[in-house]
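Residue numbering restarts at 1 for every chain, and letters A, B, ... go by the order of the sequence lines.
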Amino acid sequence: MRRPAEFEHTVRRGVRAGRTALVVHLTTRTDPGPGPVVGFVVSKAVGGAVTRNVVKRRLRELVHARLDALVDVDLVVRATPAAAEAPFLELGAQLDGALATARKRLVSTGER
RNA sequence: UGAGUCAGUCAGGCGGCCGCGUCGAGCCUCCGGGCUCGCCGAGGAACGUCCGGGCUCCGCAGGGCGGGGUGGUGGGUAACGCCCACCCGGGGUGACCCGCGGGACAGUGCCACAGAGAACAGACCGCCUUGGUCCUCGGACCGAGGUAAGGGUGAAACGGUGGUGUAAGAGACCACCAGCGUGCCGGGCGACCGGUGCGGCUAGGUAAACCCCACCCGGAGCAAGGCCAGACAGGGAGCGUCCGAGGGCUGCCCGCCCGAGCUCCCGGGUAGGCCGCUGGAGGCGUGCGGCAACGUACGUCGUAGAUGGAUGGCCGCCACUCGUGCGGGGGAGACCGCGCACGAGGACAGAACCCGGCGUACCGACUGACUCAUCCG
């Protein structure tokens, strides 16, 4: 995900689920382009440039391993300041938890 | 051997699995792109954005005022507020280090607290002369005057030491010293240094307070600037068309030039792509010139260019440092190497147009030169 408009759409319209180190926003894909679309938000509150880059790379790596489960959605992962301190495995567990919660909410709003 | 000073280099290595970006080649394509292979892919500070330049656009008709910056001297440089060498002052036994280092007899302002008195100062105690009163004949008290040698306060008290002098004192006078001004001789490109004569006997600090002097300075910045594609909807108010709005000379004035539109409010639209974009005052080596910064000739190397922003994620082994334990060795000893095992640690920090600096952050490792102390020969 690269366009500011896409970020805005996903964050505002999508369902949300948070953990201590991250927050995920999820929407069903409206225009069926190729592949999953994922964006990351790592603000200055997380840390300096080096810290932000490391956090972003770790999140990218984690999401990459889970891409098969995300073909039908737009996803934005937002890091909180706690993400800077979290170990890699812990970050993965939180991502899985948040994604599961968001999935449930997405299904229930979709049925409504 | 110990303690230290200066200069410089480095910023762990190898491998496995899974990945990312530019470029090149090939193949495929629904022309959006995709796949495979190959090359390359963060730093000494990439950081802060504090100076200086290149580059780009605007301006170039000048003059005056204003504003900003720099501040020992000489050199280096594209340039600098940087660097080198030297001078002066301060610190250190020393190698060396530190200095926001023009002017306080052009003028103005400010010097808290303490203290009697703080800028052409000041009699609180004290010292000295003298008038009066009392007196236990030591002196005490009240008054007039002299005095900056002594005490005490302070960051700073109107030169220091010794003498002459005096009622007591005082550069009042004398010698030497310090300091100021000025002349001469010698050295240095120069800042300045060394020597010597004369003068008046002495002059506080602060200019990162205003200010004065010398020198320097157009404005804005790669979101510069250019090209392509695409979207939309107008309405109102004010000023003005030679009775000159507004704009340029980027703060102001004069002056000059352009000149028919300009400003504000409400409403609406867009924020995509490409170029600029990396070879540059370039790195390294040797020779030559120079104390050095640096310059120069020849040879050689040539490889980041992202744009929600690539250069990584996880793991293993080895090396390094520290701690603990065990083993064994040298030495009289304090202690010093060596081997093995376990545990811990590896900093500061991420290019965004490009260079030259400065400043700041940082676990540490290594190299060279030099200084001081001690011991041995």
Side-chain angles (χ1 to χ4, degrees):
Chain A
M1 190 178 294
R2 295 193 158 171
R3 306 267 163 75
E6 293 181 291
F7 275 86
E8 202 164 320
H9 179 265
T10 307
V11 169
R12 287 201 179 161
R13 302 284 177 78
V15 297
R16 188 175 44 147
R19 293 293 184 272
T20 56
L22 51 85
V23 179
V24 300
H25 301 267
L26 216 59
T27 53
T28 314
R29 296 227 48 174
T30 45
D31 71 299
V37 176
V38 183
F40 301 93
V41 177
V42 183
S43 77
K44 276 190 183 172
V46 176
V50 173
T51 314
R52 290 205 305 277
N53 278 343
V54 168
V55 168
K56 209 182 293 177
R57 284 173 190 140
R58 286 178 156 174
L59 290 175
R60 199 177 287 142
E61 196 66 26
L62 288 164
V63 170
H64 186 263
R66 295 159 174 78
L67 276 184
D68 291 343
L70 299 167
V71 208
D72 58 331
V73 293
D74 282 352
L75 170 67
V76 167
V77 182
R78 189 150 49 84
T80 70
E85 305 293 325
F88 185 72
L89 291 176
E90 170 64 22
L91 216 53
Q94 292 203 16
L95 179 65
D96 285 334
L99 278 176
T101 310
R103 271 289 186 192
K104 283 183 200 165
R105 289 180 185 162
L106 193 64
V107 168
S108 60
T109 49
E111 281 169 352
R112 201 183 302 163

Just wondering, do A:Val54 and A:Thr51 contact through their side chains at under 4.5 Å, heavy atoms? no
Please classify the glycosidic conformation of B:rG138 as syn (within 90° of 0) or anti (everything else). syn
Apply the syn/anti split at 90° from 0 to B:rG337 and say which one it is. syn
Pair partner, B:rG251 [Watson-Crick or wobble, under 3.5 Å]: B:rC65
First encountered from the 5' end of RNA chain B, between A:Phe88 and A:Thr51: A:Phe88
Does some side-chain heavy atom of A:Arg66 sit less than 4.5 Å from a side-chain heavy atom of A:Asp96? yes
Side-chain donor or acceptor of A:Thr80 paired with backbone N/O of A:Thr20 under 3.5 Å: yes
Say you draw a straight line from CG of A:Leu22 to CG of A:Leu99; how long is it, rounded to the nearest 0.5 Å? 8.5 Å
Consider the side chain of A:His64, meaning its heavy atoms from C-beta on, and name the nucleotide among B:rU311, B:rC18, B:rG313 that approaches it most closely. B:rC18
Tell me which nucleotide, if any, is Watson-Crick or G-U wobble paired with B:rG44 when both distances must be under 3.5 Å. none
Suppose you measure atom P in B:rA223 against the same atom in B:rU241; what distance do you get, rounded to whole Å? 44 Å
Please report the distance separating the P of B:rG188 from the corresponding atom of B:rC201, rounded so that it comes out in whole Å. 40 Å
Suppose you measure atom P in B:rC288 against the same atom in B:rG312; what distance do you get, rounded to whole Å? 45 Å
If pairing means Watson-Crick or G-U wobble with both distances under 3.5 Å, then the partner of B:rG316 is B:rC14
For B:rU93, decide between syn and anti, treating a glycosidic angle within 90° of 0 as syn. anti
N-glycosidic conformation, B:rA42 - syn within 90 degrees of 0, else anti: syn
Reported CZ-to-CD distance for the pair A:Arg19 and A:Glu90, which is rounded to 0.5 angstrom: 10.5 Å
Determine which nucleotide pairs with B:rG38, using a 3.5 Å limit on both distances of a Watson-Crick or G-U wobble pair. B:rC23
Sticking with atom C1', work out how far B:rG273 lies from B:rG285, rounded to a whole angstrom. 47 Å
Counting only heavy atoms not in A:Arg16 (residues, nucleotides, ligands), do more than 12 fall under 6.0 Å from its CZ? no
May I ask you to say what A:Arg57 touches in the nucleic acid, namely base, sugar-phosphate or nothing, with a heavy-atom cut-off under 4.0 Å? base
At less than 3.5 Å, do the side-chain atoms of A:Arg52 and the base atoms of B:rG309 form a donor-acceptor pair? no
Return the nucleotide paired to B:rG289: Watson-Crick means purine N1 to pyrimidine N3 with N6-O4 or O6-N4, wobble means G-U with N1-O2 and O6-N3, both under 3.5 Å. B:rC294
When the C1' atoms of B:rA319 and B:rG19 are considered, how many whole Å apart are they? 28 Å
What distance, rounded to whole Å, do you find between the two C1' atoms, one in B:rC372 and one in B:rU93? 8 Å
Expressed in whole Å, how much space separates the C1' atoms belonging to B:rG197 and B:rG204? 30 Å
Applying the Watson-Crick and G-U wobble criteria at under 3.5 Å, what pairs with B:rA140? Answer none if nothing qualifies. B:rU133
According to the Watson-Crick and G-U wobble definitions, with both distances under 3.5 Å, which nucleotide is paired to B:rG179? none
Picking from B:rG19, B:rC314, B:rA351, which would you name as closest to the side chain of A:Ala49? B:rA351
Paired to B:rG4 by Watson-Crick or G-U wobble criteria (both distances under 3.5 Å) is B:rC370
Using atom P of each nucleotide, how far apart are B:rC358 and B:rC80 to the nearest Å? 16 Å
Tell me which of A:Val42 and A:Arg58 sits closer to the 5' end of RNA chain B, going by the nucleotide each one is nearest to. A:Val42
